[in-house]
Asks: 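What follows is a single structure, and I will ask about it in a moment.
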Amino acid sequence: MNAKRVQRIWRREGLKVPQKQPKRGRLWLNDGSCVRLRAERPNHVWSYDFVEDRTHDGRKFRMLCLIDEFTHEALAIRVKCKLNSTDVLETLADVMILRGPPAYVRSDNGPEFIAIALREWIAAVGSQTADIAPGSPWENGYCESFNSKLRDELLDGEIFFSLAEALVLIEAWRRHYNGVRPHSSLNYRPPAPESFVPHSGGVVPWAPAPARSESARSPTPNVASETVVH
């Protein structure tokens, strides 16, 4: 068995063949975050990137993943056959309406992210762009890590027969990722755990019913049905 056959087997099984990388200067911390700009609070640094996949019939679709680097929460995953700078702007606008604008938005130098209209809009809402250096994906470590988890936990294990099915499953996974899935970097807690809001009466559904007294348990005699015999 030679090296070429081993590579063919690895490629057929979908395994990742590690390639030797040239040594570079240390530009990141142990947790993968960039030294140049580190998130210090929620809504401080958002980052986004594209992920591609295919449906069962071979049609390609793209996902725009937007995360908060401090809380590690997946703010949005936009799924469409084609995504451009307008879709990026609309995704940011939808999330900013609920959470407010962040201080920085980190991305690579893709054409959808460096569009003039998008940059002008980000500056108009009071945010700043934080582009990574060309060919340096490790500077966007949080988003790259999220993309890897999305592919390993969902995309590589699901067959999408249509784009609508992909929309439903990806959104369900995002909610599970935010509210249920434990994160080791967050002390094995989800970034946005789901909470239960009780009813207006304050009754918790899973609480046991209060015990009734003996008088309440005994049936009340029906006086009207009793007859008096003289």
Side-chain angles (χ1 to χ4, degrees), residues 10-17 31-32 39 42-43 45-99 102 105-108 110-113 118 137-138 140-197 205-206:
W10 276 64
R11 189 179 300 109
R12 183 187 64 189
E13 299 298 329
L15 302 176
K16 299 179 182 179
V17 181
D31 59 356
N43 248 28
V45 181
W46 291 358
S47 60
Y48 47 24
D49 198 5
F50 287 116
V51 180
E52 291 187 356
D53 201 25
R54 294 180 181 272
T55 57
H56 184 61
D57 54 2
R59 290 183 296 175
K60 183 187 298 185
F61 64 90
R62 304 183 76 186
M63 292 157 280
L64 175 63
C65 302
L66 176 63
I67 66 170
D68 189 321
E69 293 191 359
F70 185 83
T71 61
H72 299 186
E73 182 180 359
L75 304 177
I77 302 179
R78 192 179 183 93
V79 183
K80 288 184 66 176
C81 293
K82 294 182 179 180
L83 291 170
N84 51 27
S85 59
T86 304
D87 297 308
V88 176
L89 191 152
E90 292 177 354
T91 304
L92 288 175
D94 292 341
V95 179
M96 287 182 185
I97 290 174
L98 300 176
R99 300 175 179 267
V105 180
R106 195 199 309 270
S107 67
D108 57 19
E112 299 87 357
F113 302 135
L118 177 62
W138 56 85
N140 198 8
Y142 286 108
C143 202
E144 294 292 340
S145 177
F146 175 81
N147 295 345
S148 177
K149 293 181 177 64
L150 172 63
R151 186 165 298 280
D152 293 341
E153 298 178 10
L154 178 68
L155 301 181
D156 288 347
E158 291 286 347
I159 298 178
F160 305 113
F161 291 95
S162 64
L163 184 62
E165 183 180 7
L167 284 167
V168 174
L169 293 179
I170 292 173
E171 179 60 22
W173 181 86
R174 186 187 73 87
R175 295 179 180 272
H176 175 82
Y177 180 88
N178 290 335
V180 180
R181 182 187 182 278
H183 293 233
S184 58
S185 58
L186 302 177
N187 197 16
Y188 294 95
R189 296 178 180 177
E194 298 178 353
S195 59
F196 173 78
V197 180
W206 58 80

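Computation of the quantities below employed the complete heavy-atom set of this structure, encompassing side-chain atoms and omitting hydrogens, waters and symmetry-equivalent molecules.
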Asks: Let's go through N140 and E69 carefully: what are the C-alpha distance in whole Å and the side-chain angles of both, what is the deciding distance for side-chain contact (heavy atoms from CB on, under 4.5 Å) to 0.1 Å, and is it a yes or a no?
Replies: CA-CA 10 Å; N140 198 8; E69 293 191 359; 4.0 Å; yes
Asks: Do V51 and R151 touch side chain to side chain, with heavy atoms closer than 4.5 Å?
Replies: yes
Asks: What is the distance from atom CD1 of I67 to atom CG of N147, rounded to the nearest 0.5 Å?
Replies: 7.5 Å
Asks: Provide the closest heavy-atom pair for C143 versus S47 in the form atom of the first, atom of the second, distance.
Replies: CB-OG, 3.6 Å
Asks: Report the distance from atom CG of L155 to atom CD of E153, rounding to the nearest 0.5 Å.
Replies: 10.0 Å
Asks: Identify the two heavy atoms, one from P102 and one from M96, that lie closest to each other, and give their separation to 0.1 Å.
Replies: CD-CE, 3.5 Å
Asks: Report the residues that fulfil ring-ring contact (aromatic ring centres under 6.0 Å, His included) with H183, sequence neighbours left out, ordered by chain and then residue number.
Replies: Y177
Asks: Just how far is it from atom CG of N178 to atom CD of E73, taken to the nearest 0.5 Å?
Replies: 4.5 Å
Asks: Would you say the side chain of W46 lies within less than 4.5 Å of the side chain of V95, judging by non-hydrogen atoms?
Replies: yes
Asks: Between K60 and E52, which heavy-atom pair has the shortest distance, and what is it?
Replies: CD-OE1, 3.7 Å
Asks: Taking side chain as C-beta onward, heavy atoms only, is F61 less than 4.5 Å from D53?
Replies: yes
Asks: Within the structure provided, determine whether S145 and S148 are in side-chain contact (heavy-atom separation under 4.5 Å).
Replies: no
Asks: Can you pull the salt bridge (charged side-chain N to carboxylate O under 4.0 Å, His left out) pairs that have at least one residue in residues 163-172, sequence neighbours excluded?
Replies: E171-R174, E171-R175
Asks: Going by ring pair (Phe, Tyr, Trp, His ring centres under 6.0 Å), name the pairs with one or both residues in residues 66-94, residues two or more places apart or in two chains.
Replies: H72-Y142
Asks: Between W173 and F160, is the ring centroid distance below 6.0 Å?
Replies: no
Asks: Quick one: salt bridge (charged side-chain N to carboxylate O under 4.0 Å, His left out) partners of E144, sequence neighbours excluded?
Replies: none
Asks: If I compare all heavy atoms of T71 with all of P191, which pair ends up nearest, and what's the gap?
Replies: O-CB, 3.0 Å
Asks: Residues two or more places apart in sequence or in another chain: which of them pass ring-ring contact (aromatic ring centres under 6.0 Å, His included) with F113?
Replies: Y48, F50
Asks: Side-chain atoms of residues 74-84: list all donor-acceptor pairs with protein atoms under 3.5 Å, sequence neighbours left out, distances to 0.1 Å.
Replies:
| residue | atom | partner | partner atom | Å |
| --- | --- | --- | --- | --- |
| R78 | NH2 | E90 | OE1 | 3.0 |
| K80 | NZ | D87 | OD1 | 3.2 |
| N84 | OD1 | T86 | N | 3.2 |
| N84 | OD1 | D87 | N | 3.1 |

Asks: Out of curiosity, L150 CG to I170 CD1, how far, rounded to the nearest 0.5 Å?
Replies: 6.5 Å
Asks: How about L118 and L92: do any of their side-chain heavy atoms sit closer than 4.5 Å?
Replies: yes
